[in-house]
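Notes follow once the structure below has been shown.
Protein chains get the first letters and strands the later ones, always in sequence-line order, with residue 1 at the start of each.
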There are 2 protein chains.
Amino acid sequence: MTTAAHRPATLEDVARLAGVSRSTASRVIAGTGFASPYARERVTTAVERLGYVPNPAARALVRGVGVRLVVAVAGASAAVLDCPYVHQVVGSAARVCTPAGVGVALHWLPLGQPGELDQLARDRSVCGVVLVNTTNELLDAIPRSLQGRVVSIGVGSSAVPSFDVDNAAGAGEVLRHLYATGRRRIAMVTGPQWLPCSRRPVDAYRGLMRQAGLPERILPGDFSAARGRSAAGEALRRWPDVDAIYAISDETAFGVIAALRDEGVRVPGDVAVAGFDDIPLAAMTAPALTTASHPVGRIATAAAIAVLDGRPAAPVTLFPSALVARASA
Amino acid sequence: MTTAAHRPATLEDVARLAGVSRSTASRVIAGTGFASPYARERVTTAVERLGYVPNPAARALVRGVGVRLVVAVAGASAAVLDCPYVHQVVGSAARVCTPAGVGVALHWLPLGQPGELDQLARDRSVCGVVLVNTTNELLDAIPRSLQGRVVSIGVGSSAVPSFDVDNAAGAGEVLRHLYATGRRRIAMVTGPQWLPCSRRPVDAYRGLMRQAGLPERILPGDFSAARGRSAAGEALRRWPDVDAIYAISDETAFGVIAALRDEGVRVPGDVAVAGFDDIPLAAMTAPALTTASHPVGRIATAAAIAVLDGRPAAPVTLFPSALVARASA
DNA sequence: GCTTGTGGTGGTAGCGCTCTCAGGTGTGCG
DNA sequence: CGCACACCTGAGAGCGCTACCACCACAAGC
């Protein structure tokens with residue numbers, strides 16, 4: 001490790017110091033093609049002496065591969081880019097991409113404007129796209145030139161592999177737990193209507209309710225605590241006999257609990273509450289929240305790796321979600 | 001908007017279609033130098049017809065500027081890259097960088113190995129660095145070639161502008177609130193010792209305790225809920241008469257409250273608890289958490305913009321932190 | 001007339017890297 | 001010996017873009 005030169009070393013510098021040609025140095029560094037042990041050794045010591053770091057931009061330019069992975073989030077406004085879930089996806093992606101010399105970008109895909117994807121497809125610096133909050137409209141609009149470089153966190157399609165938590169199973173476990181502990185008048189606070197991936201837990205809820213011969217009680221939400229709070233108030237008004245509320249996210253569940261507390265309803269005494277995600281704080285509150293695990297980091301990591309690798313991924317990869325039974329239900 | 005061609009359009013294609021030279025097309029698109037209104041119009045329509053998107057890698061290569069902004073996090077292990085705080089910084093940075101065609105990378109800087117920064121300085125694809133969890137050791141090791149392209153979230157130095165929340169003020173407000181509501185035996189759970197930016201709230205605590213003639217009661221923590229939980233247990237053992245615990249983060253505060261509840265101590269009846277950050281859930285729990293606001297997103301955004309702009313930023317930019325008085329204190 | 005701009009243009013040299021290709025050395029084999 | 005077939009090397013052609021420079025037309029000023 002030498003002192004930092006004013007001008008960073010280039011491959012040319014390395015080759016000169018090692019007494020070989022640029023080609024040979026390139027071959028040694030990239031690990032492609034033949035190189036004698038002698039040349040290999042001279043080049044590697046030269047790299048160390050100069051503190052050489054390859055320039056990904058140049059490499060990308062000549063190889064024709066991108067230097068950026070785009071996390072594209074569909075939503076009504078650009079504000080969707082500010083939510084913790086998106087941040088976590090970006091953070092996990094960045095962690096995976098950095099060693100590969102790839103940067104991460106964050107794009108908003110306005111609902112109803114699937115043409116935005118064309119723009120990404122034509123940007124040669126984009127090596128791949130991770131879709132978040134996928135809509136069917138979006139899946140239908142994937143440009144051919146982008147195929148094989150797109151994955152979806154949430155629902156996918158024949159052309160777009162999907163990575164997601166097995167929230168049908170997780171929701172099922174939680175709902176069966178509610179049923180097993182004697183709850184029969186179970187309401188659910190869902191996610192946004194337009195979001196296909198919030199439908200799977202709803203389907204699980206509907207299926208189980210029908211199977212058990214129980215009435216469906218569904219309220220729309222948006223994953224937020226504030227919406228959970230208002231939805232719970234409405235639930236109490238519409239169904240005074242409700243004895244359990246299942247929320248699509250832990251945030252929502254905390255909002256629900258706050259509303260119930262405001263109304264003097266005991267949790268879990270009068271109404272049991274369960275969430276989804278198992279965020280760290282779920283274990284800390286009073287009552288501690290019953291929920292199902294949601295390995296967002298692992299999902300995002302797998303999605304980013306799939307894009308980076310470029311190998312065709314399985315059409316659907318589901319990550320297990322397990323019941324975490326605590327005090328609230 | 002045309003159908004996506006298999007081969008994305010290049011500047012050459014645009015120039016040919018517009019009937020001008022590459023130079024002229026480049027000038028129009030980049031908005032530099034002269035161009036007649038006629039040429040300008042022909043080029044812009046050609047760009048639209050072809051759906052041309054410039055290749056940032058090529059642009060970066062020739063301009064000699066980087067295509068990646070690095071969020072560099074110091075810590076004992078690479079696990080620091082997985083915390084929500086870091087994710088939020090990366091997410092906010094990505095939001096700022098994307099329109100500029102810059103990607104975001106996430107690096108771990110192992111404690112005690114300041115040479116890692118040299119690596120970043122020599123990477124020509126790096127346009128700047130945002131330091132997180134800055135240490136003095138790190139600040140002393142900033143390579144000259146990186147100066148003007150580094151900012152720090154947390155403490156800075158003469159060479160590194162810093163962006164941070166005014167946590168001294170925030171901590172002061174919270175502590176004065178505790179004092180004003182009659183608390184006198186106030187303990188504090190801090191952050192990691194090696195982290196300079198966790199020292200400022202501690203200094204505020206010490207200053208106020210000394211000023212009020214009260215004893216200092218400090219316990220080390222690490223921002224986590226788990227550590228807050230164990231620290232609170234220790235606080236009760238060491239100082240049975242404690243009547244308030246101030247935690248360096250909301251997560252920690254929730255851990256503290258959980259421990260107190262386990263011990264049968266009432267909050268805020270017996271012991272008041274306050275945190276720092278004002279995370280969304282702070283308003284939802286029972287009791288709702290008294291805390292001070294912490295605009296992480298705004299801080300990270302400002303830091304990223306400062307790096308991207310490259311203009312010398314103010315040595316220190318502090319974002320205000322305000323008391324949010326709720327039930328827990 | 002000639003200079004001296006001023007607005008506009010195209011040619012061309014790279015930025016740093018990879019990759020193909022032609023051309024070396026050796027070895028083994030008929 | 002000739003030939004094939006390793007292994008190994010360096011020259012050179014770009015990837016797509018910008019920046020520098022030379023150039024041209026035209027107008028204004030001595």
Side-chain angles (χ1 to χ4, degrees), chain A residues 5-44 46-47 50-68 100-102 122-127, chain B residues 5-44 46-47 50-68 100-102 122-127:
Chain A
H6 183 65
R7 190 183 61 83
T10 71
L11 186 62
E12 179 83 50
D13 302 327
V14 173
R16 196 170 23 236
L17 181 63
V20 299
S21 69
R22 278 208 318 283
S23 318
T24 303
S26 171
R27 247 175 273 126
V28 170
I29 291 164
T32 63
F34 298 111
S36 62
Y38 174 75
R40 207 185 307 277
E41 205 250 294
R42 287 200 58 97
V43 170
T44 46
V47 165
L50 295 172
Y52 170 73
V53 179
N55 184 340
R59 184 175 282 182
L61 182 58
V62 63
R63 285 217 274 230
V65 301
V67 290
R68 297 190 304 154
V102 170
R122 277 194 280 258
D123 185 336
R124 303 175 91 110
S125 75
V126 171
C127 67
Chain B
H6 183 64
R7 190 184 61 84
T10 72
L11 185 62
E12 178 84 48
D13 302 327
V14 173
R16 194 171 24 238
L17 182 60
V20 298
S21 70
R22 278 209 314 283
S23 317
T24 302
S26 171
R27 247 177 272 124
V28 170
I29 291 164
T32 63
F34 299 110
S36 63
Y38 174 76
R40 207 185 307 278
E41 203 251 295
R42 287 199 57 97
V43 170
T44 46
V47 164
L50 295 172
Y52 170 72
V53 179
N55 183 340
R59 183 174 282 183
L61 182 58
V62 65
R63 285 217 276 229
V65 300
V67 290
R68 297 190 305 156
V102 170
R122 277 192 280 260
D123 185 336
R124 303 176 91 111
S125 74
V126 171
C127 67

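- With a cutoff of under 4.0 Å to any heavy atom of chain A, the contacted region of DNA chain C is bounded 5' to 3' by dG16(C) to dC19(C).
- Between the CG atom of L11(B) and the P atom of dC15(D) there is a distance of 13 Å, given to the nearest Å.
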Give the C-alpha distance, both sets of side-chain angles, the deciding distance and a yes or no for side-chain contact (heavy atoms from CB on, under 4.5 Å) between D123(B) and R68(B). CA-CA 10 Å; D123(B) 185 336; R68(B) 297 190 305 156; 2.9 Å; yes
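- A pairwise comparison of heavy atoms in A25(A) and V20(A) identifies N-CG2, 4.1 Å as the closest pair.
- S21(A) and T24(A) form a side-chain donor-acceptor contact under 3.5 Å, judged by distance and modelled atom types alone.
- A heavy-atom distance below 4.0 Å to DNA chain D is reached by these residues of residues 24-42 of chain B, ordered by number: S26(B).
- The phosphate of dG10(D) (OP1 or OP2) has no side-chain N or O of S23(A) nearer than 4.0 angstrom.
- We find that CZ of R22(A) is positioned 10 Å from C1' of dG10(D), with the value rounded to whole Å.
- One interatomic measurement links the two molecules: CD of E12(A) to C1' of dG10(D), which rounds to 12 Å at whole-angstrom precision.
- For the pair T10(A) and V14(A), the minimum side-chain heavy-atom distance is 4.5 Å or more.
- Residue R42(B) comes nearest to A18(B) through the heavy atom pair NE-O, 2.6 Å, listed as atom of the first residue, atom of the second, then distance.
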Begin with the C-alpha distance, continue with both residues' side-chain angles, and end with the deciding distance and a verdict on side-chain contact (heavy atoms from CB on, under 4.5 Å) for S125(A) and V67(B). CA-CA 10 Å; S125(A) 75; V67(B) 290; over 6 Å; no
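- For the pair G19(B) and R63(B), both in contact range of DNA chain C, the more 5′-proximal nearest nucleotide belongs to G19(B).
- Counting heavy atoms from C-beta outward, V53(B) and P8(B) have side chains that stay 4.5 Å or more apart.
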